[in-house]
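Notes follow the structure.
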Amino acid sequence: MATDRKLRRRRPPWLAPALLIVPAFLVVFALAAYSAVWLLQLSMVKLTFGDPFRTAEWAGLDNYQWLLFNEFTTFWASLRVTAVYVVGTLVPELIIGFLIALLLNRKMRGNSIFTAALIIPMVLMPSMVGMVGRLYFSPYGLINYFTESLTGIRHNWYGADLALWAAVLVDIWEWTPFFILILLAGLQTLPVEPFEAARVDGASRLQSFIHLTLPLMLPLVMTTLILRLMDVLRLFDVIFVMFGGGPGTATTTLPLYIYRTTLIQRDVGRGSAASVMLIIIIVSLTVILIKLRDRIRYEA
């Protein structure tokens, strides 16, 4: 008995959780590493989709060189579309989500019902969201009905100028509740004492929001942005169902570019190279935001 007690005392407290996590971690790491190595290998060969891998020809970095420097490549155009889509969705979703979360954080009747209703857009199948968005933004759809009633103008949301913004609006409708729910949970866990002290000192609600709420919420805001950024960079289904990447390349984000290159043009090498570039972009932006979040948390 004394020996067992000594062993328990010597055993570090992190050992048991680590032993429980290691098996799952090894499985996930092995699958991710195998997929990454296989994808990197495919990005360095010339291979037509459907042909066996033994027929592939070694290309080295030719696929990457074609993506980045060839005059006929549309990789950079897809990257610009992706950047516009990411900024056009994340910024409004964060602002609108934060404002609604602040509103719901106040004691009002029906808060729980309204909060539960917010989950509906998030649980819908992405393909269904795309179909609904395609119908709403059709020439005789609901959006044009309201715009024509208010302004007398019927917009062509299927045109190259507005198609991307139609997809942005659908994304904002679908994923703003994600920010609302997480930020509302963060607001409800903030300590009460600093706000009571600020109220005693005569601080207004705006001053309390700027000097207390924002600094305390910034780490959670950054975490939410990181999660949503990783998701929106690889978004495919909603835009594909709505416009299929068109007209032309107006809504061709990087995931749709990879789809077109790999499955439509049947160029596995260039499609895999574009996939590697997308992974590098996601990882790089995520690392930058994580470091920024940690710095904000340390300064706070």
Side-chain angles (χ1 to χ4, degrees), residues 25-90 126-127 130 160 163-164 167-168 171 226-290:
F25 174 79
L26 289 177
V27 172
V28 174
F29 178 79
L31 292 174
Y34 176 79
S35 302
V37 171
W38 181 242
L39 180 64
L40 188 63
Q41 186 177 1
L42 286 175
S43 70
M44 294 186 178
V45 298
K46 291 183 178 180
L47 180 65
T48 302
F49 184 80
D51 292 347
F53 183 74
R54 63 176 180 272
T55 62
E57 299 179 11
W58 178 256
L61 298 178
D62 289 348
N63 291 324
Y64 294 94
Q65 183 178 3
W66 191 93
L67 285 177
L68 299 176
F69 303 111
N70 192 279
E71 60 179 334
F72 298 107
T73 182
T74 57
F75 175 80
W76 293 109
S78 300
L79 185 60
R80 286 193 296 270
V81 171
T82 305
V84 172
Y85 187 82
V86 169
V87 176
T89 55
L90 287 184
S127 57
L164 181 61
V168 167
D171 192 279
I226 292 169
L227 294 174
R228 185 68 190 118
L229 175 67
M230 291 188 294
D231 186 58
V232 74
L233 280 172
R234 58 185 181 84
L235 182 70
F236 173 84
D237 29 29
V238 173
I239 301 179
F240 179 76
V241 173
M242 287 185 68
F243 302 110
T249 58
T251 59
T252 305
T253 57
L254 284 177
L256 272 86
Y257 176 82
I258 294 169
Y259 164 79
R260 284 184 167 185
T261 304
T262 306
L263 298 180
I264 304 301
Q265 301 176 10
R266 302 183 65 188
D267 194 327
V268 177
R270 292 174 183 173
S272 300
S275 299
V276 172
M277 297 296 295
L278 178 59
I279 293 172
I280 292 174
I281 292 171
I282 293 176
V283 172
S284 301
L285 292 177
T286 303
V287 169
I288 292 172
L289 288 178
I290 289 175

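Please read all numbers here as calculations on a predicted model, not as lab measurements. The chain is numbered in sequence order, starting from 1.
Looking at every heavy atom in both residues, Thr251 comes nearest to Leu256 through O-CD2, 4.1 Å. Scanning both residues, Tyr257 and Thr252, for their nearest heavy atoms gives N-CG2, 3.7 Å. Counting all heavy atoms, side chain and backbone alike, Leu164 lies closest to Ala250 at CB-O, 3.9 Å. The nearest pair of heavy atoms linking Asn63 to Ala59 is ND2-CB, 4.4 Å. Residues Ala167 and Ile239 come closest through the heavy atom pair CB-CG1, 4.2 Å. Pro255 approaches Leu235 most closely through the heavy-atom pair CG-O, 3.5 Å.
Salt-bridge formation is detected for the pair Asp171/Arg228: a Lys NZ or Arg NE/NH1/NH2 atom is positioned less than 4.0 Å from an Asp or Glu carboxylate oxygen.
Using a 4.5 Å heavy-atom cutoff, the side chains of Asp267 and Thr262 are not in contact. Residues Thr249 and Val81 are not in side-chain contact: their nearest non-hydrogen atoms beyond the backbone lie 4.5 Å or more apart. In this structure the side chain of Tyr85 reaches within 4.5 angstrom of the side chain of Thr89, judged on heavy atoms. A heavy-atom distance below 4.5 Å is not found between the side chains of Thr253 and Phe236.
The structure places CG of Leu79 at 9.5 Å from CG of Leu278, a figure rounded to the nearest 0.5 Å. Rounding to the nearest 0.5 Å gives a distance of 14.0 Å between CZ of Arg266 and OG1 of Thr261. The distance from the CG atom of Leu90 to the CG atom of Leu233 is 8.0 Å, given to the nearest 0.5 Å. If you take CG on Leu227 and OG1 on Thr286, they are separated by 9.0 Å, rounding to the nearest 0.5 Å.
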- Where do Leu289 and Leu229 land on the side-chain contact (heavy atoms from CB on, under 4.5 Å) test, with the steps shown first? CA-CA 10 Å; Leu289 288 178; Leu229 175 67; 3.4 Å; yes

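Checked against salt bridge (Lys or Arg N to Asp or Glu O under 4.0 Å), Arg80 has no partners two or more places apart in sequence or in another chain.
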Please report, to 0.1 Å, the donor-acceptor pairs under 3.5 Å made by any side chain of residues 38-53, with sequence neighbours excluded.
unit_1, atom_1, unit_2, atom_2, d
Ser43, OG, Leu40, O, 2.6
Ser43, OG, Tyr64, OH, 2.7

